[in-house]
*Asks:* 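Just dropping this structure here.
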Amino acid sequence: MPLSEYKSIIIFCSPAGTTRHVAHVIAHTLKNLGQRPVLIDIGSKDDLQKMGLHIKDLNSGSCLYLGSPVYAYHAIPPILDIISQLPKDTGAYAIPFVTWGAVTSGIALLEMAERFNDQGFKVIGAAKIVAVHSMMWKLDSPLGKGHPDDEDDSIIKNMVEKIDHNIKQNCIKSLPLKRLNYQPDESLEMMKNTNIKSLAKALPKRYFEKELCNGCALCSTICPAHAIECNEYPIQKSGCIFCYNCVRLCPENAFKADFSNIEKHLKNLPKNRSESPLSQIFFQE
């Protein structure tokens, strides 16, 4: 029997704002289709507290969109941790989506889909959306400049509309994992063995200038991994994902990092690598 409404949850983490943009496009599209999606930003402590109640209610026919930026070829750890916390074998549907900074989308979609399958979710779609590179915000021409744009939004809208139609008509098909295994075979092992921690030494070192800090605690609020605690001054806890939000958004410029070397390195990478199309949706007809 065709459905008129089903439970939709959109969970995302978005240090630089582009994954949030995609999540809101998904939510807006679902609302236009008559759905009432729940939007959860795990970078918000309030949203994070509510998340448990919503995922506990997932059941057969529910639809979970889960979004992450791609860091070091992977979805970020807080997002992968959420998948492992999901209730098993609910019969719910899953749609992973990622944003990536025009270098590589890595194996993020593949590993998210694999973990969803392990939890008993039926992966019915996926999307990679190119975005401005999060470490190049100071440059006039960063990689991925202008993205996500209207065309990217249209791609996401198209995916959501097709998935909504198929759910309502009860004609959903699982997405084969091989569709998400699109990276060259010679790169897969390297990508699997690389992570944020293994790249930490190559990333810009962050400095904190105590005398510039006014104790506003904004750095703790805008840390999407909840890895900064503020007493009198910020204290770094475990779980940092190297998003550099504290550097980018501190109003007193108390956090600093030199991005010049990494910017040069990133600028040269596209000459040696290619990924086409830059933005793409995946689903089974």
Side-chain angles (χ1 to χ4, degrees), residues 9-27 29 39-43 63-84 86 93-117 121 123-136 142-144 147-149 151-160 163 175 177-183 187-188 191-192 194-196 199 224-225 241-243 266 269-270 273-283:
I9 303 176
I10 307 161
I11 301 175
F12 67 94
C13 187
S14 185
T18 51
T19 312
R20 176 181 297 106
H21 172 89
V22 174
H24 279 270
V25 172
I26 293 170
T29 305
L39 200 61
I40 297 173
D41 177 359
I42 67 168
C63 198
L64 172 59
Y65 290 84
L66 185 65
S68 173
V70 177
Y71 284 8
Y73 310 113
H74 301 274
I76 58 175
I79 286 293
L80 295 177
D81 289 344
I82 284 174
I83 300 178
S84 65
L86 294 171
Y93 303 128
I95 301 96
F97 64 96
V98 299
T99 54
W100 61 290
V103 175
T104 176
S105 63
I107 54 173
L109 285 178
L110 177 62
E111 68 182 343
M112 290 170 75
E114 288 174 339
R115 295 197 184 200
F116 271 127
N117 278 358
F121 280 70
V123 178
I124 60 174
K128 61 166 186 169
I129 301 296
V130 70
V132 62
H133 199 288
S134 62
M135 285 192 184
M136 304 179 80
L143 296 177
H147 293 276
D149 60 14
E151 186 175 344
D152 298 316
D153 291 355
S154 180
I155 288 171
I156 285 291
K157 181 181 177 182
N158 183 37
M159 180 187 72
V160 175
I163 288 173
L175 177 66
L177 290 185
K178 64 181 181 181
R179 293 281 308 281
L180 303 179
N181 191 16
Y182 50 77
Q183 297 294 353
S187 301
L188 287 175
M191 290 181 175
K192 289 177 182 177
T194 304
N195 55 43
I196 293 173
L199 288 180
I241 59 173
F242 298 94
C243 70
L266 292 170
L269 283 179
R273 303 181 184 187
S274 62
E275 189 168 321
S276 181
L278 296 177
S279 293
Q280 186 175 4
I281 57 176
F282 305 84
F283 59 92

*Asks:* Show your reasoning for whether side-chain contact (heavy atoms from CB on, under 4.5 Å) applies to Arg179 and Phe283.
*Replies:* CA-CA 9 Å; Arg179 293 281 308 281; Phe283 59 92; over 6 Å; no
*Asks:* Return the CD to NZ distance between Glu111 and Lys192, rounded to the nearest 0.5 Å.
*Replies:*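 Reported to 0.5 Å precision, the distance equals 10.5 Å.
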*Asks:* For Ile95 and Ala126, which heavy atoms make the closest approach, and how far apart are they?
*Replies:*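 Closest approach of Ile95 to Ala126: CG2-N, 3.9 Å.
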*Asks:* Taking all atoms of both residues into account, what is the closest heavy-atom pair of Asp81 and Ser84, and its distance?
*Replies:*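 So the two residues come closest at O-OG, 2.6 Å.
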*Asks:* Side-chain contact, heavy-atom cut-off 4.5 Å: Trp100 with Leu278?
*Replies:* yes
*Asks:* Find out whether Phe12 and Leu39 are in side-chain contact, i.e. whether some heavy atom of one side chain is under 4.5 Å from a heavy atom of the other.
*Replies:*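 Sidechains of Leu39 and Phe12: in contact.
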*Asks:* Can you tell me how far the CZ atom of Phe116 sits from the CG atom of Leu177, to the nearest 0.5 Å?
*Replies:*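 With rounding to 0.5 Å, CZ (Phe116) is 12.0 Å from CG (Leu177).
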*Asks:* Can you tell me how far apart OH (Tyr71) and CD1 (Ile196) are? Round to the nearest 0.5 Å.
*Replies:* 7.5 Å
*Asks:* Over all heavy atoms of both residues, which pair between Thr19 and Gly67 is shortest? Give the atoms and the distance, please.
*Replies:*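 Taking Thr19 first and Gly67 second, the nearest heavy atoms are CG2-C, 3.7 Å.
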*Asks:* Can you see which heavy atom on Ala108 is nearest to which on His74, and at what distance?
*Replies:*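 Heavy atoms of Ala108 and His74 come nearest at CB-C, 3.7 Å.
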*Asks:* Strictly distance-based, threshold 3.5 Å: is any side-chain N or O of Gln183 a donor or acceptor partner for the main-chain N or O of Gly106?
*Replies:* yes
*Asks:* Got a second to check how far Leu180's CG is from Ile107's CD1, nearest 0.5 Å?
*Replies:* 11.5 Å
*Asks:* Flag the pair Ser14 / Asp41 as yes when at least one side-chain heavy-atom distance between them is below 4.5 Å, and no otherwise.
*Replies:*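 Answer no - side chains too far apart.
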*Asks:* Can you check whether Val130's main-chain N or O pairs, donor with acceptor, with Ser279's side chain at less than 3.5 Å?
*Replies:*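 Yes, Ser279 side chain to Val130 backbone: donor-acceptor pair under 3.5 Å.
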*Asks:* Under the side-chain contact (heavy atoms from CB on, under 4.5 Å) rule, what do Phe121 and Ile83 come out as? Steps first, then yes or no, please.
*Replies:* CA-CA 10 Å; Phe121 280 70; Ile83 300 178; over 6 Å; no
*Asks:* Testing the basics here: between Phe242 and Met135, what is the closest heavy-atom pair and its distance to 0.1 Å?
*Replies:* O-CE, 4.0 Å
*Asks:* Quick one, Val103 with Val70, criterion side-chain contact (heavy atoms from CB on, under 4.5 Å). Give me CA distance, side-chain angles, the key distance, then yes/no.
*Replies:* CA-CA 10 Å; Val103 175; Val70 177; over 6 Å; no
*Asks:* Quick one: are Pro224 and Cys243 in side-chain contact, heavy atoms under 4.5 Å?
*Replies:*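 Yes; the side chains approach each other to less than 4.5 Å.
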*Asks:* Drop me the distance from Asp153's CG to His24's NE2, to the nearest 0.5 angstrom.
*Replies:* 12.5 Å
*Asks:* On a heavy-atom basis, which atom in Ile76 and which in Ser68 lie closest, and how many Å separate them?
*Replies:*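 Closest heavy-atom pair between Ile76 and Ser68: N-OG, 3.0 Å.
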*Asks:* Is the shortest side-chain heavy-atom distance between Val160 and Val25 below 4.5 Å?
*Replies:*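 A side-chain contact under 4.5 Å is absent here.
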*Asks:* Verify side-chain contact (heavy atoms from CB on, under 4.5 Å) between Val98 and Met112, making sure each step is shown before the conclusion.
*Replies:* CA-CA 10 Å; Val98 299; Met112 290 170 75; 3.9 Å; yes
*Asks:* What distance do Asp149 atom CG and Ser154 atom OG have between them, rounded to the nearest 0.5 Å?
*Replies:*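 Spacing of CG (Asp149) from OG (Ser154) equals 10.0 Å.
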*Asks:* Heavy atoms, side chains only, cut-off 4.5 Å: are Met191 and Thr104 in contact?
*Replies:*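 Heavy-atom side-chain distance check passes, below 4.5 Å.
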*Asks:* Check whether any side-chain heavy atom of Ser134 sits under 4.5 Å from a side-chain heavy atom of Pro69, and report yes or no.
*Replies:*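 A side-chain contact under 4.5 Å is absent here.
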*Asks:* Is the shortest side-chain heavy-atom distance between Tyr65 and Ile163 below 4.5 Å?
*Replies:* yes
